[in-house]
Asker: 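Sharing a structure here in structure tokens format.
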Amino acid sequence: MSANENPVVPTNFIHHIIDSDLKANKNNGKVATRFPPEPNGYLHIGHAKSICLNFGLAAKYQGRCHLRFDDTNPEKESDEYVQAIMRDVEWLGFKWHELHHASDYFGQLYDYAVQLIKDGKAYVDSSTPEQIRANRGTLTEPGKPSPDRSRSIAENLDLFQRMRAGEFADGQYVLRAKIDMASPNINMRDPTIYRIRRVHHQRTGDAWCIYPMYDYTHCLSDAIEGITHSICTLEFEDHRPLYDWVLHELDTPCHPQQIEFARLQLEYTIVSKRKLNQLVTAKHVGGWDDPRMPTIAGMRRAGVPAAAIRDFCERIGVTKKDAWIEAGVLENCIREDLNQNALRAMAVLQPLRVVIESYPEAQTEWLEVSNHPQRPELGKRKLPFTRVVLIEQDDFAENPPPKYKRLVPGGEIRLRGAYVIKCHAAVKDADGRIIELRCSHDPNTLGKNPEGRKVKGVIHWVSESNSLPAEIRLYDRLFRLPYPDNEKNFLAALNLDSLTILEHGRVEASLAGVAPESCRQFERTGYFCVDKDSTDTKMVFNRTVTLREDWVKE
RNA sequence: UGGGUCGUCGCCAAGCGGUAAGGCACGGGGUUUUGAUCCCCGCAUACCAAGGUUCGAAUCCUUGCGACCCAGCCA
């Protein structure tokens, strides 16, 4: 595939920063990044952008990229999420050079906190959350110091040790950094860095009853791991002074540079773990891996190739601009990959019986068709042609709209890879519904055009007797509005027709036994992949994406 | 009315003082036993606005305007 041989890897402002760091021999010419998810939900397309960025940087600069779980809030975290995250990162195609957990550093983090206290840079506060909030001030007014701010170092040390020892109730005390209650940056108004919480931690169990906060933990974890460039999203820009403050006050192995970029915003989707969790919990979807979910697991189940996600992340770029990506960009990446790589197959989603009266009843011809019209190296397969075939209900119209290119009464159509047939009659049931077509075939049209006339269209088909029953799940976008988050309640933007199940599909017999996650292009209808719900008696396919349809719809 | 950041084509996005890359979308044409793919062609005298500096500005300066983020013992 020469198309992907010379990918033009776009550059972005982070490359510029690193390039100049390298030129100045900062960090001894090394580059180390990390992807730091909190294990409180499944990874989504927004995380994919961050993963591609961080692992991509390490690859580009021959550096390292760590996977680090930011597991400092045991109330929301679980091992299920840890496992899912590792699975998703690997599936996306990345290998971490080191695996870490912020919880691995709890001991060191505690020692650093003691040092901060000894230096007079942190104090134990007995204020309630309400008092802390009230004293924090507002965006335009400075905060007021807590009465505990002047507590002695000795007393702070004693109290902090006893916090750890479990002598106090949850919430009774917190440890705060002593910075500046009048700072125009609210994050610098003595942020809480430790809280008491008697919660079982998925990794450290009940070893701790105090847990460090993100701002305190993240920078130190980066420094401990020797991260050189700590990349995060824009909402942490205001936290950078705090990141730098902690590392400046403490004697750490290094001082990583925090760089912020704009998080992904994709039309018709939502990338908030809280809201995605809500969709799962309230059963608006089948689970975190529901094919409609923008999660990595969901897209994987839908049949989206990892390479398409990587391509997408590359195309959208990395900037600090608040941007919205049109849904078509992702779809294009998916189609581009699948068009190149998916084998073709014949499948009829909503069958209509076609009896070819001119074709011998007992006869079966094995017709050779290409697995991929543009890639002969992918071989050919044989399809059984029989007297009774099934075509798509949509491919026949008694009263065709203008420019209809399919079968009509008295008209001819090419059955893809087979004969040209002509429709003589439509058989209807008592309700007037068409249940069968009576046709004849032109035996002289196999592999060649009929003489003296042009056939306007080609449709797909499957042998009635020699095909497999299949359930086809047609997925559409989960939200009917491009910006679900703009709604007071995002659930109101849900597309109630996001899933259509077709129970009576038929697919060509060669698909028997094809493994889950295998993708095929069902000619003329779209890309589909085998779902894990498939059984020996009934295959199940998920529609990944439709084919482009360039014509005006009726 | 505090602080932080951003503003180049419908949507992304290069550009970093020398005269507007690319992708998606869109429009037109061609090939085609998938109305798919593929292939051509078109698509910003213009870079939020207004001033200024300069031989020359999207790029530098000034002043406006607009958008986003921040007041968790969440991350």
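All values below come from the heavy atoms of this structure, side chains included, with hydrogens, waters and symmetry mates left out. Just so it is clear: chains get the letters A, B, ... in the order the sequence lines come, proteins before strands, and each one is counted from 1.
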Asker: Please tell me if A:Arg195 has a side-chain N or O lying less than 4.0 Å from either OP1 or OP2 of B:A75.
Answerer: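 It does, given that an N or O in the side chain of A:Arg195 lies less than 4.0 Å from OP1 or OP2 of B:A75.
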
Asker: Would the A:His239 and A:Tyr243 ring centres measure less than 6.0 Å apart?
Answerer: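 Centroid separation for A:His239 and A:Tyr243: 6.0 Å or greater.
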
Asker: Would you call the rings of A:Tyr359 and A:Phe385 parallel, tilted or perpendicular, where under 30° means parallel and over 60° means perpendicular?
Answerer: perpendicular

Asker: Across all strands shown, which nucleotide pairs with B:G66 by Watson-Crick or G-U wobble geometry, both distances under 3.5 Å?
Answerer: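 B:G66 is paired with B:C6.
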
Asker: Could you tell me which nucleotide pairs with B:A58 by Watson-Crick or G-U wobble geometry, both distances under 3.5 Å, or answer none if nothing does?
Answerer: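 With both distances under 3.5 Å required, B:A58 matches none.
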
Asker: Using the side-chain contact (heavy atoms from CB on, under 4.5 Å) rule, take A:Thr128 and A:Ile132 through it: C-alpha gap first, then chi angles, then the decisive distance, then the call.
Answerer: CA-CA 6 Å; A:Thr128 64; A:Ile132 288 180; over 6 Å; no

Asker: Looking at the side chain of A:Trp324, which of B:G35, B:C12, B:C24 is the nearest nucleotide?
Answerer: B:C12

Asker: Roughly how many Å apart are B:A46 and B:G30, using the P atom of each and rounding to a whole number?
Answerer: 34 Å

Asker: Under 4.0 Å, counting only non-hydrogen atoms across every strand here, what does A:Ile459 touch: a base, just sugar-phosphate, or nothing?
Answerer: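 If one applies the 4.0 Å heavy-atom cut-off, A:Ile459 turns out to touch nothing in the nucleic acid.
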
Asker: Determine if the base of B:G72 is syn or anti; take syn to mean the glycosidic torsion is within 90° of 0.
Answerer: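 B:G72: syn.
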
Asker: Between B:A20 and B:A13, how far is it from one C1' atom to the other, in whole Å?
Answerer: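 12 Å, rounded to whole Å.
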
Asker: Just to confirm, is there a sub-4.0 Å distance from OP1 or OP2 of B:G22 to any side-chain nitrogen or oxygen of A:Arg315?
Answerer: no

Asker: Would you tell me if any nitrogen or oxygen in the side chain of A:Arg133 comes within less than 4.0 Å of OP1 or OP2 on B:G72?
Answerer: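 For A:Arg133, the contact criterion (side-chain N or O under 4.0 Å from OP1 or OP2 of B:G72) is met.
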
Asker: Counting N and O atoms only, with roles assigned by atom type, does the side chain of A:Arg344 sit under 3.5 Å from a partner on the main chain of A:Phe522, one being a donor and the other an acceptor?
Answerer: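 Not a single qualifying donor-acceptor pair exists.
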
Asker: Among the candidates B:U37, B:U34, B:C12, find the nucleotide nearest to the side-chain atoms of A:Ile316.
Answerer: B:C12

Asker: Kindly point out which of B:G3, B:A71, B:A36 is positioned nearest to the side chain of A:Pro184?
Answerer: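 Closest of the options to the side chain of A:Pro184: B:G3.
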
Asker: Side chain of A:His16, heavy atoms from C-beta onward: which of B:A25, B:C24, B:C16 has the nearest atom to it?
Answerer: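 Out of B:A25, B:C24, B:C16, the nucleotide with an atom closest to A:His16's side chain is B:C16.
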
Asker: Between B:U5 and B:C73, how far apart are the two P atoms, rounded to whole Å?
Answerer: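 It comes out at 24 Å once rounded to the nearest Å.
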
Asker: Quick one: sort the A:His100 and A:His66 rings into parallel, tilted or perpendicular, breaks at 30° and 60°.
Answerer: tilted

Asker: If B:U32 has a Watson-Crick or G-U wobble mate with both distances under 3.5 Å, name it; if not, just say none.
Answerer: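 Partner of B:U32: none found under 3.5 Å.
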
Asker: Tell me if the side-chain of A:Arg524 makes a donor-acceptor pair with the base of B:U34, cut-off 3.5 Å, by modelled atom types.
Answerer: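 It does not, because no donor-acceptor pair links the side chain of A:Arg524 to the base of B:U34 below 3.5 Å.
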
Asker: Can you tell me which nucleotide in B:C70, B:A25, B:A75 comes closest to the side chain of A:Thr72?
Answerer: B:A75

Asker: Are A:Tyr112 and A:Tyr216 close enough that their ring centers fall under 6.0 Å?
Answerer: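 No, the ring centres sit 6.0 Å or more apart.
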
Asker: Counting only side-chain heavy atoms from C-beta out, which of B:G3, B:C24, B:U34 sits nearest to A:Asn185?
Answerer: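 Selected nucleotide (nearest to the side chain): B:G3.
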
Asker: Looking at every strand, decide which applies to A:Val329 at a 4.0 Å heavy-atom threshold: base, sugar-phosphate, or nothing.
Answerer: sugar-phosphate

Asker: Using the closest heavy atom to pick a nucleotide of RNA chain B for each, name whichever of A:Gln374 or A:Lys76 lands nearer the 5' end.
Answerer: A:Gln374

Asker: Using the C1' atom in both, what is the distance from B:C47 to B:G35, to the nearest Å?
Answerer: 39 Å

Asker: What is the nucleic acid contact for A:Lys448, judged by heavy atoms within less than 4.0 Å: base, sugar-phosphate only, or nothing?
Answerer: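 It contacts base atoms.
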
Asker: Considering the options A:Phe69, A:Phe106, A:Trp208, which one meets the ring pair (Phe, Tyr, Trp, His ring centres under 6.0 Å) requirement together with A:His201?
Answerer: A:Phe106

Asker: How far, in whole Å, is B:C38 from B:G4 if one measures between their C1' atoms?
Answerer: 49 Å

Asker: So does A:Arg136 get a side-chain nitrogen or oxygen closer than 4.0 Å to the phosphate oxygens (OP1/OP2) of B:C73?
Answerer: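 Checking A:Arg136 against B:C73: at least one side-chain N or O falls below 4.0 Å of OP1 or OP2.
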
Asker: Using purine N1 to pyrimidine N3 plus N6-O4 or O6-N4 for Watson-Crick, or N1-O2 and O6-N3 for G-U wobble, both under 3.5 Å, which nucleotide pairs with B:C47?
Answerer: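 Pairing partner, where one exists within any strand: none, as none qualifies.
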
Asker: Quote, to the nearest angstrom, the P distance that separates B:C41 from B:G52.
Answerer: 42 Å

Asker: Would you indicate what A:Asp70 reaches in the nucleic acid, counting non-hydrogen atoms under 4.0 angstrom: base, sugar-phosphate, or nothing?
Answerer: sugar-phosphate

Asker: More 5' along RNA chain B: A:Phe13 or A:Asp71, using each one's nearest nucleotide?
Answerer: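 The residue whose closest nucleotide sits nearer the 5' end is A:Phe13.
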
Asker: Check every strand shown and say whether A:Arg344 touches a base, only sugar-phosphate, or nothing at a heavy-atom separation below 4.0 Å.
Answerer: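 Since a base atom lies under 4.0 Å of A:Arg344, the category is base.
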
Asker: By nearest atom, which of the nucleotides B:C74, B:A14, B:U34 is closest to the A:Thr319 side chain?
Answerer: B:A14

Asker: Base, sugar-phosphate, or nothing for A:His239, non-hydrogen atoms under 4.0 angstrom?
Answerer: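 Answer is base: heavy atoms of A:His239 come under 4.0 Å of a base.
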
Asker: Among B:C68, B:G72, B:C69, which is the nearest nucleotide to the side chain of A:Asp322?
Answerer: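 Selected nucleotide (nearest to the side chain): B:C68.
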
Asker: Classify the side chain of A:Glu141 versus the base of B:G2 as yes if they form a donor-acceptor pair under 3.5 Å and no if they do not.
Answerer: no

Asker: What is the base-pairing partner of B:A13, counting Watson-Crick and G-U wobble geometry with both distances under 3.5 Å?
Answerer: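 By the stated definition (distances under 3.5 Å), nothing pairs with B:A13.
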
Asker: If the P atom of B:C61 is compared with that of B:G28, how far apart are they to the nearest Å?
Answerer: 45 Å

Asker: Applying a 4.0 Å non-hydrogen cut-off, can you work out what A:Lys405 is touching in the nucleic acid: base, sugar-phosphate, or nothing?
Answerer: base

Asker: Please walk me through it: do A:Leu264 and A:Ile45 pass side-chain contact (heavy atoms from CB on, under 4.5 Å)?
Answerer: CA-CA 8 Å; A:Leu264 170 70; A:Ile45 184 73; 3.5 Å; yes

Asker: Classify the nucleic acid contact of A:Arg416 as base, sugar-phosphate or nothing, counting any heavy atom under 4.0 Å across all strands shown.
Answerer: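 Base contact - A:Arg416 has a heavy atom under 4.0 Å of at least one base atom.
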
Asker: Taking OP1 and OP2 of B:U8, is either one under 4.0 Å from a side-chain nitrogen or oxygen of A:Lys321?
Answerer: yes

Asker: When you measure from the side chain of A:Arg310 to the backbone of A:Glu314, do you find a donor-acceptor pair of N or O atoms at a distance under 3.5 Å?
Answerer: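 No; judged by distance alone, with no hydrogens or angles, the pair does not exist.
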
Asker: How far, in whole Å, is B:U59 from B:G7 if one measures between their C1' atoms?
Answerer: 14 Å

Asker: Once hydrogens and angles are ignored, does a donor-acceptor distance under 3.5 Å link the base of B:C73 to the side chain of A:Arg197?
Answerer: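 Present.
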
Asker: Does a side-chain N or O of A:Thr525 approach OP1 or OP2 of B:A36 to a distance below 4.0 Å, or not?
Answerer: no

Asker: Donor-acceptor pair under 3.5 Å: do we get one between A:Gln521's side chain and the base of B:U34?
Answerer: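 Per atom types, the contact qualifies.
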
Asker: Between B:G10, B:A14, B:C12, which one does the side chain of A:Asn12 approach most closely?
Answerer: B:A14

Asker: Quick check for you: among B:G2, B:G35, B:C24, whose closest atom lies nearest to any side-chain atom of A:Asp550?
Answerer: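 Given the options B:G2, B:G35, B:C24, the side chain of A:Asp550 is closest to B:G35.
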
Asker: Tell me what A:Gly447 touches on the nucleic acid: a base, only sugar-phosphate, or nothing, going by heavy atoms under 4.0 Å.
Answerer: base

Asker: Within the structure shown, what part of the strands sits under 4.0 Å from A:Phe236 by heavy-atom distance: base, sugar-phosphate, or nothing?
Answerer: base

Asker: At under 4.0 Å between heavy atoms, what does A:Arg548 touch on the DNA or RNA strands: base, sugar-phosphate, or nothing?
Answerer: sugar-phosphate

